[in-house]
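Remarks on the structure that follows.
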There are 2 protein chains.
Amino acid sequence: MSVTIKDVAKKAGVSISTVSRVINNSKPVSNEIRQKVLQIIEETGYTPNPVARSLVMKKSQLIGVIVPDISSFFIGEILNGIEEIGKMYAYDILLCNTYGSLEQELRYLKLLKGKQVEGIVLMTWELQDKLIEYLAEIEIPVVLINRNTSKLDIPSVSIDNFQASYDMTNYLIKHGHKRIALIRSNLDSNAFCQDQYRGYKKALEENGIPIDERLVQFGNFKLENSYEIVKNFIKEDILPTAIFATSDTMAIGAINCLLDHGYKVPEDVSVTGFHDTKPASFYRPSLTTIRQPLYDIGAVAIRMIIKKINHIEVHEKIVILPHELIVRKSTGPAPA
Amino acid sequence: MSVTIKDVAKKAGVSISTVSRVINNSKPVSNEIRQKVLQIIEETGYTPNPVARSLVMKKSQLIGVIVPDISSFFIGEILNGIEEIGKMYAYDILLCNTYGSLEQELRYLKLLKGKQVEGIVLMTWELQDKLIEYLAEIEIPVVLINRNTSKLDIPSVSIDNFQASYDMTNYLIKHGHKRIALIRSNLDSNAFCQDQYRGYKKALEENGIPIDERLVQFGNFKLENSYEIVKNFIKEDILPTAIFATSDTMAIGAINCLLDHGYKVPEDVSVTGFHDTKPASFYRPSLTTIRQPLYDIGAVAIRMIIKKINHIEVHEKIVILPHELIVRKSTGPAPA
DNA sequence: TTGTAAGCGTTATCAT
DNA sequence: ATGATAACGCTTACAA
């Protein structure tokens, strides 16, 4: 059996309250006794039982993190930030993987509440209404990553998707591209998705380029999916000179398809990604993409949670982190 | 304040023990009362407090998972398996990221013990002696992934690294390669690393090919590192016709270097990876590699833990999962 | 079948 | 400055 505060108290010849006090520095203890207790603790290798502590303090030192796919490049790096900063504040991470299913999300939200987590970082592909409803009545601090909703006052952290998309489209236009496809997310209900489309549209409009709706396709973030989309461009003979995919993975799918069909990237077609995940730099041709500060997104999110836990006023509900256009080898001037 | 077992008992007009019994089905309860209690539970939305439960049962329903890098392709997929099977058995995952640092590993091991986790899945780059020492005296069930040690009787799950390496080398030899470089792990103290080297060596020896030690290099799993190693091969003018890298990432680093220096893969040099992570299939040229059942490795590991928790005899201490040689486009016949 | 009460390992309130 | 003791929410002998 492991040693408890009682054992320590007995061996030190003091009461358990005194032991508790030296552990937590919660009240003054005479130096003599403190030393004695400290020594016993050292000898016995006593460590306070966090479960008992949680029970009385009603604090678990646990933060739940709900993600749609642990193994995603994108999410892995965000998790790094969450984990590291969390641990810095003595919070542990309870990890939940949902595969994006609403049912799982709801289940885990309940489970985490049961586990007394003090806060929840929520990532999801699609922020569905049912989820929002549940979020509205949960009493635990929640922070959203890369998603937000006007229906509810939940803090979120992301980049400026509108501006990023606008920047990227403009970059392409500046390089002479006029026929620019957009492989956008199919999560139409999400604001971020609309933002990306708006950015794209605005850039085209400002440059007097009409939008060809056939070139605006909905992708599901899967490589195979964008592969098919591009294949279809080829089949329909509407292959543009540039393809703006809203994820690196989809960009790679697009390039693979182009390569497989004998096209050269970027000589024949320029392709861009989004996120700047690891593959963006090691894939060949390396991807022109939008860098998102993934680690920081995670770090900021959990900081917000911790602030809320400690009832520190969170100034900005919606944190926008800076993005950056990274130009690599997958884009070039439009072919003549 | 959230509703407790007391509230339910009072509202139902029964004792808390009765409520506890219907929740846990631990002892017979008359149907009439059971219904009543169930109804109150439903009405009030009561859920048992797992912290209180943990305290008395000395069970936390938590399994600690220690990994060196959450964002690694390799580990992400293993985590999927761990998470999914764990949740299936109502266990939650407490995630700890160590960056491979021994100090962090030790710290987290202690922390997890304090948190009363019921089992620990441990992944590490290098299984250092200090860690083994600590593992020896921890009373919590531990399972190792892709590592094992003769110094201690800890269960582990992995593939047969010797055989896999042997298979791969043989495959290369069969395609006419005689000068085959090995970019092996620099974690020399690990058995798996030795195994890989032994497999490579045996295949060469069996085919009467002498080992050129200059072609056996230690890589640190980083892309940049294998890039440099290959760059050095070129500089020293000892570029082999095949490079067997013991991770996909290192294989990609090698290929990138080759490509950057005007070599063709696989026409000039064949390159193989190890693991079959996602990039292996989308990178171009797609990688010939060793498929490891990553999800299953995680799944089996956590099943072993759960068995140990429940004191079910674990038959085989060392589980070897099947591997598979996946032939893609990064390898071909040796140039004439 | 049901209720009473002890106990899990802490913190916190109140005396002393 | 220190010590009893109640309380946190639950499970589980033991009694009835």
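Order of the sequence lines sets the chain letters (A, B, ...), proteins ahead of strands, with each chain counted from 1. Atoms considered below: every heavy atom in the structure, side chains included; atoms not considered: hydrogens, waters and symmetry mates. Predicted model only: the values in this text are computed from it and were never measured.
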List the protein contact pattern of nucleotides 11-16 of chain C with one symbol per nucleotide (5' to 3'): B for base contact, S for sugar-phosphate-only contact, - for none; contact means a heavy-atom distance under 4.0 Å.
-> BBB---
Using a 4.0 Å heavy-atom cut-off across all strands, classify A:Val51 as base, sugar-phosphate, or nothing.
-> nothing
Over how many whole Å does the gap from B:Ile33 atom CD1 to C:dG3 atom C1' extend?
-> 10 Å
Atom CG of B:Asn25 to atom C1' of C:dT1: distance rounded to whole Å?
-> 15 Å
Whole angstrom value for the distance that separates P of C:dG9 from NZ of A:Lys10 | 12 Å
Has B:Lys59 got a side-chain N or O lying under 4.0 Å from the OP1 or OP2 atom of D:dT11?
-> no
C:dG9, C:dT2, D:dT2: which one has an atom nearest the side-chain heavy atoms of B:Ser30?
-> C:dT2
Taking 4.0 angstrom as the limit, do B:Glu83 and B:Lys87 come out as a salt bridge?
-> yes
Ignoring hydrogens and angles, state whether a donor on the side chain of A:Asn80 or B:Asn97 is under 3.5 Å from an acceptor on the partner side chain.
-> yes
Interatomic distance where NZ belongs to A:Lys115 and P belongs to D:dC10 [whole Å] = 14 Å
Is there a side chain to side chain contact (heavy atoms under 4.5 Å, CB included) between B:Ile309 and B:Ile63 once you walk through the steps?
-> CA-CA 10 Å; B:Ile309 289 173; B:Ile63 288 180; 4.3 Å; yes
State whether A:Thr18 places a side-chain N or O below 4.0 Å from either non-bridging phosphate oxygen (OP1 or OP2) of D:dG3.
-> yes
Is the backbone N or O of A:Ser60 less than 3.5 Å from a side-chain atom of A:Glu118, with the two atoms forming a donor-acceptor pair by type?
-> yes
Listing, residues 134-146 of chain A side-chain donor-acceptor contacts under 3.5 Å, not counting sequence neighbours, or none:
unit_1, atom_1, unit_2, atom_2, d
A:Glu139, OE1, A:Lys113, NZ, 3.0

Whole-Å distance, A:Ile41 CD1 to C:dT10 P, equals 10 Å
A:Asp296 side chain vs A:Ala299 backbone, donor-acceptor pair below 3.5 Å | no
Any B:Ser15 side-chain N or O less than 4.0 Å from OP1/OP2 of C:dG3 | yes
Find out whether the Lys NZ or Arg CZ of A:Lys278 is both under 6.0 angstrom from the six-membered ring centre of A:Phe74 and within 45° of the ring's axis.
-> no
Taking the nucleotide of DNA chain C with the closest heavy atom to each, which residue, B:Gly13 or B:Leu55, is nearer the 5' end?
-> B:Gly13
To the nearest Å, give me how far apart NZ (A:Lys6) and P (D:dA4) are.
-> 13 Å
Given side chains that start at C-beta, do those of A:Tyr91 and A:Ile306 come closer than 4.5 Å, heavy atoms only?
-> yes
Describe, in one word, how the ring planes of B:Trp125 and B:Phe221 are oriented to each other, choosing from parallel (under 30°), tilted (30 to 60°) and perpendicular (over 60°).
-> parallel
The helix from C:dT1-D:dA16 to C:dT16-D:dA1: angle between end helix axes, five pairs per end, rounded to 10 degrees = 50°
